[in-house]
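Worksheet: the structure to be examined is printed underneath.
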Amino acid sequence: MYTNQEDQYAFPVLDGELDTVVAFSVGDASVQVSNCGYDVNLDINVDTRLITIGHEPERE
């Protein structure tokens, strides 16, 4: 996971080929997903500020 240089509360999650898996930003009481490149299972807990991505990568 990397931080966005323009917005310290925006984060992309990249795969091994540097493709975006999911991009999101975090507010005080919300999470906004702006891009989702895969079928990911997101579990977002705003109270604890924990985002769990339930996706197993495909093995080649």
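Quick note: residue numbers are just sequence positions, from 1. Treat the numbers as computed from the prediction; the structure is a model and nothing was measured.
- D15 is linked by a side chain to side chain donor-acceptor pair (under 3.5 Å) to Y38, counting only residues two or more places apart in sequence or in another chain.
- For T20, the side-chain contact (heavy atoms from CB on, under 4.5 Å) partners are L14, A23, N35, not counting sequence neighbours.
- For D47, there are no side chain to side chain donor-acceptor pair (under 3.5 Å) partners, not counting sequence neighbours.
- At most 12 heavy atoms of other shown residues, nucleotides or ligands fall within 6.0 angstrom of atom CG in D28.
- Scored by the side chain to side chain donor-acceptor pair (under 3.5 Å) test, T52 finds no partners at all (sequence neighbours excluded).
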